[in-house]
Amino acid sequence: MIKDYFLNNVENALKNAILKGNLGQMNDYTPNSLVVEKPKNPDFGDFAVNVSSLARVARIAPPAIANAIVAEIDDKDNEYSVIGGFINFKAGQKLLLAAIEEIFKKKEAFGRPENIDKEKIILEYVSANPTGPFHIGHGRWAAMGSALANLLKFYGHEVYQEFYINDAGSQIQKLGNSLAIRIRQKMGEDVDFPTDELERKNYYPGDYLIPVAEKFVENSAEILKGTSLEVKDFCKPVQSEETLNILCDFAKNEMENLQKALLENFRVNFDNFYSELTLHKSGKVDECVNKLKASGKIYTKDGADWFRSSDFGDDQDRVIKKADGANTYLTADIAYHIDKLERGFDRMINIWGADHHGYVARVKASIEALGYDPNKLEILLGQLVNLVINGNEVRMGKRKNMVTLDDLIEEVGVDATRFWMCMRSIDNTLDFDIELAKTNSDENPVFYVQYAHARACSILRNATESKIDTETGKSIPAPMSVSEFDELVNNYKSEILAPTLDSARKLVLKLEEFKSLIKLSAETRQVYTICRYVQELAAEFHSFYNANRVISDDKELMKSRLALVISVKQVLNNALNLLGVSAPERM
RNA sequence: GCGUGUGUAGCUCAGUUGGAUAGAGCGUUUGGCUACGAACCAAAAGGUCGGGGGUUCGAAUCCCUCCACGCGUACCA
């Protein structure tokens, strides 16, 4: 990377200057403490290092330090200048040409770092209850999670994406009982969900179970094969254990299928769906409880078993087995995380909604109590999503104004939904403005970026296509032949770019920046940086396009600019791929 | 109360680990198409970085304190 090249030169020169005694006594100097930044004023250069931090140790004024360092730099290909305590750097032709050459050479792999500490990562996200359709909040985790998976894979890690199905516990009973009411309605009974608010909480009154009930009734013969039951056996106010189990299983299955279909449509591809129920059945949960007991971190109070999580930094101890003998949600979650570790992952990354933040300390505590390294668990807490409709915020969470993710995607499309869900830092609540996301105008960053890609494709098409003059009716030959174009793509030499380099400095630097971006985004786990980058790159390209005509009679200049367009197209593709947003050839 | 996140231009947000004159997009104003896609570009106006203290040569960034808003604070999942 150009900025690393620069930093490296500065660091080496600094060492030499110290050895020569030109920087006074640098006893307390910590090596590699300098940071490369971008100059506020682009006239100063492409990159800069501020050496003021060395002034205190060296007891020399910052400009003198900067000059002493620059004096030790032996690099005639690039420009170094000192202003105040800053060493400014302007990349010479060689570095810029090499950047584009690298794009042609690596193509879809451009941006991947060379040497990284590869980790085997399990990334868990969405992990919803199979009790209903996704709401828009799930959409944020789905979009961000899959983009993060793409990014970490691209970076070089091994990434396993997992969805934890919360299919155990009382909410499934609620689901089964709710389906029973819908079935009875379908069968013509005059029943409805309780109107009493407290009682209503034991049901899912949303419309989405109506088609499930229809399906159940229509296919009842098949569903109930092997039992002595009929549909009318389900039309009772209180379900038997047998009928309830059937209802629960059926409804749960339907909901899971609904969710899986949506995820696929949303370009979210999990490697595994891990059922909480199978975790219980496997005995792993009990095993975990026993291990915790053996470690002496469990005590009994008020008839329940408590885990001493406060010994590991949690605010208070947590119940792990209720007085009625049932495990809590936490108990299963502990077993689940231990299971992940036992499956051999180096790192577990979870994306959780901010409403779960209280769980971080207790899960980490359990991992530590069981003798594992809690630092292997990295929890990314995401702030929630607000929907903005006609300029008004609509709070999510209340079932009443629930907008499902299906509806949202249908309304604004997969590309725009994914981009909008990813475009803000995970620490910020996200305002999702439906109207804005829908518009195909400059108010919408997705289209701005996609337009840049389509425009690049259009130019490349024009390069090899003949045209007909609308006035004279004569055919205008193609600016270059297809074989010439292929030659440019496949046998790119860096000299080709030279004629346009001066007018495209900023664009080339932005393209090269993709490498730094990947490193930054992957290491900080923040995908919104990709959204920003892609907008900046598109802006540089549009600007270049308006200032320079690509297709022209000057063949060398045309090839040169075409090479740049090809590079832009490639890098936009690479970046949009990570986001799971399409890069259209035409719009 | 405690925990946690946020507060930067009219709006939505960046700000790379303390540095140069605080930056983008939208909106507003002005200019640019008989030329490769104007879904674009160029330019201007717009700021007490929530308030107040402190550390430092230097603070949007670190510390303290106060204010406002979101989320959490279950033997629910």
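Lettering follows sequence order; numbering is per chain, from 1. Nothing here was measured: the structure is a model prediction, and the numbers come from that model. Side chains are part of it too, since the values below use all heavy atoms of this structure and drop only hydrogens, waters and symmetry mates.
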Using a heavy-atom cut-off of under 4.0 Å over every strand shown, decide if Ser53(A) touches base, sugar-phosphate, or nothing.
-> base

Quickly work out the Gln316(A) CD to G1(B) P distance and round it to whole Å.
-> 18 Å

Classify the nucleic acid contact of Ala326(A) as base, sugar-phosphate or nothing, counting any heavy atom under 4.0 Å across all strands shown.
-> nothing

Measure from the side-chain heavy atoms of Ala48(A) and tell me the nearest of C75(B), C36(B), A20(B).
-> A20(B)

For Leu537(A) and A24(B), give me the distance from atom CG to atom C1', rounded to whole Å.
-> 15 Å

Does OP1 or OP2 of C71(B) have a side-chain N or O of Tyr359(A) closer than 4.0 Å?
-> no

Of the candidates C75(B), G37(B), G23(B), the side chain of Lys40(A) sits closest to G23(B)

P spacing across the pair A59(B) / C49(B), given as an integer number of angstrom = 12 Å

Hey, does Ala304(A) reach any base, or is it just sugar-phosphate, or nothing, if we go heavy atoms under 4.0 Å?
-> base

Checking all strands, does Asn88(A) fall into the base, sugar-phosphate, or nothing category for heavy-atom contacts under 4.0 angstrom?
-> base

Compare the minimum distances between each of C71(B), C36(B), A77(B) and the side chain of Leu384(A), then state the nucleotide with the smallest one.
-> C71(B)

How about Asp196(A): does its CG atom have over 12 heavy atoms from other parts shown lying under 6.0 Å from it?
-> yes

Look at Asn428(A) and G5(B) and indicate whether a side-chain polar atom (N or O) is within less than 4.0 Å of OP1 or OP2.
-> no

For U61(B), the Watson-Crick or wobble counterpart (both distances under 3.5 Å) = none

What does Met587(A) touch in the nucleic acid at a heavy-atom separation under 4.0 angstrom: a base, only the sugar-phosphate, or nothing?
-> base

Whole-Å distance separating the CZ atom of Arg424(A) from the P atom of U6(B) | 15 Å

Using purine N1 to pyrimidine N3 plus N6-O4 or O6-N4 for Watson-Crick, or N1-O2 and O6-N3 for G-U wobble, each under 3.5 Å, what pairs with U34(B)?
-> none

Between G25(B) (P) and Met423(A) (CE): distance, integer Å | 13 Å

Counting side-chain heavy atoms from CB outward, which of G70(B), A20(B), G32(B) is closest to Thr429(A)?
-> G70(B)

Using a cut-off of 4.0 Å on non-hydrogen atoms, how would the nucleic acid contact of Gln171(A) be classed: base, sugar-phosphate, or nothing?
-> sugar-phosphate

Run the salt-bridge test on Glu513(A) and Lys3(A) with the 4.0 Å N-O cut-off and return the result as yes or no.
-> no

Can you tell me the distance, in whole Å, between the CH2 atom of Trp352(A) and the C1' atom of A77(B)?
-> 13 Å

Looking at Tyr204(A), is Lys174(A) sitting on its ring face, NZ or CZ under 6.0 Å from the six-membered ring centre and within 45 degrees of the normal?
-> yes

Below 4.0 angstrom, N of the basic side chain to O of the carboxylate: do Arg200(A) and Glu197(A) qualify?
-> no

Complementary nucleotide for C75(B) - Watson-Crick or wobble, under 3.5 Å | none

If you look at every strand shown and take non-hydrogen atoms under 4.0 Å, does Ser458(A) touch a base, only sugar-phosphate, or nothing?
-> base

Under 5.5 Å and under 30°: Phe44(A) stacked on A20(B) | yes

Pick base, sugar-phosphate or nothing for Asp317(A), based on heavy-atom distances below 4.0 Å to the nucleic acid.
-> nothing

Classify the nucleic acid contact of Arg318(A) as base, sugar-phosphate or nothing, counting any heavy atom under 4.0 Å across all strands shown.
-> nothing

Counter-base of U29(B), judged by Watson-Crick or G-U geometry with both distances under 3.5 Å | A43(B)

To the nearest Å, give me how far apart CG (Leu507(A)) and P (C41(B)) are.
-> 13 Å

Side chains of Tyr299(A) and Asp305(A): is there a donor and an acceptor less than 3.5 Å apart?
-> no

Could you let me know what U48(B) is paired to, Watson-Crick or G-U wobble, both distances under 3.5 Å, or none if it's on its own?
-> none

Under the 5.5 Å and 30° test, is Phe86(A) stacked on the base of A20(B)?
-> yes

If you measure from the P atom in G15(B) to the same atom in A74(B), how many Å do you get, rounded?
-> 34 Å

Could you check whether Ala168(A) gets within reach of a base, just the sugar-phosphate, or nothing at all, counting any heavy atom under 4.0 Å?
-> sugar-phosphate

Are OP1 or OP2 of A38(B) and a side-chain N or O of Arg455(A) less than 4.0 angstrom apart?
-> yes

Please determine if Arg505(A) and Asp46(A) form a salt bridge, counting it only when a charged side-chain N lies under 4.0 Å from a carboxylate O.
-> yes

Can you find a donor-acceptor N/O pair under 3.5 angstrom joining the side chain of His357(A) to the base of G3(B)?
-> yes

Check if the side chain of Asn327(A) and the base of A77(B) share a donor-acceptor pair of N or O atoms closer than 3.5 Å.
-> no

Would you check if Tyr545(A) stacks with the base of C41(B), given a 5.5 Å centroid limit and a 30° plane limit, both strict?
-> no

Could you tell me whether Asp302(A) contacts a base, only the sugar-phosphate backbone, or nothing, with contacts defined as non-hydrogen atoms closer than 4.0 Å?
-> base

Look at Tyr528(A) and G15(B) and indicate whether a side-chain polar atom (N or O) is within less than 4.0 Å of OP1 or OP2.
-> yes

Measure from the side chain of Ala454(A), starting at C-beta and using heavy atoms only, and say which of G37(B), C36(B), C71(B) lies closest.
-> G37(B)

Considering only A39(B), A42(B), C40(B), which nucleotide approaches the side chain of Ser543(A) most closely?
-> A42(B)

Nucleotide opposite U6(B) in a Watson-Crick or G-U pair, distances under 3.5 Å = A68(B)

Heavy atoms under 4.0 Å, any strand shown: does Ser52(A) hit a base, just sugar-phosphate, or nothing?
-> base

Answer yes if the ring centres of Tyr533(A) and Phe514(A) are under 6.0 angstrom apart, and no otherwise.
-> yes

Tell me which nucleotide among A39(B), G23(B), C36(B) gets nearest to the side chain of Arg549(A).
-> C36(B)

For Phe541(A), is the NZ or CZ atom of Arg455(A) found under 6.0 angstrom from the centre of its six-membered ring and inside 45 degrees of the ring axis?
-> no

Ring centroid separation for Tyr336(A) and Tyr274(A), is it under 6.0 angstrom?
-> yes

Partner of U21(B) by Watson-Crick or G-U wobble geometry, both contacts under 3.5 Å, or none?
-> none

Inter-nucleotide C1' distance (G72(B), A9(B)), Å rounded = 33 Å

Does Asn444(A) put a side-chain nitrogen or oxygen below 4.0 Å from OP1 or OP2 of G25(B)?
-> no

From the list U6(B), A20(B), G23(B), which nucleotide is the closest neighbour of the side chain of Asp427(A)?
-> U6(B)

Glu536(A) CD to C26(B) P, in whole Å, measures 14 Å

Of the candidates A77(B), A39(B), C13(B), the side chain of Phe447(A) sits closest to A39(B)

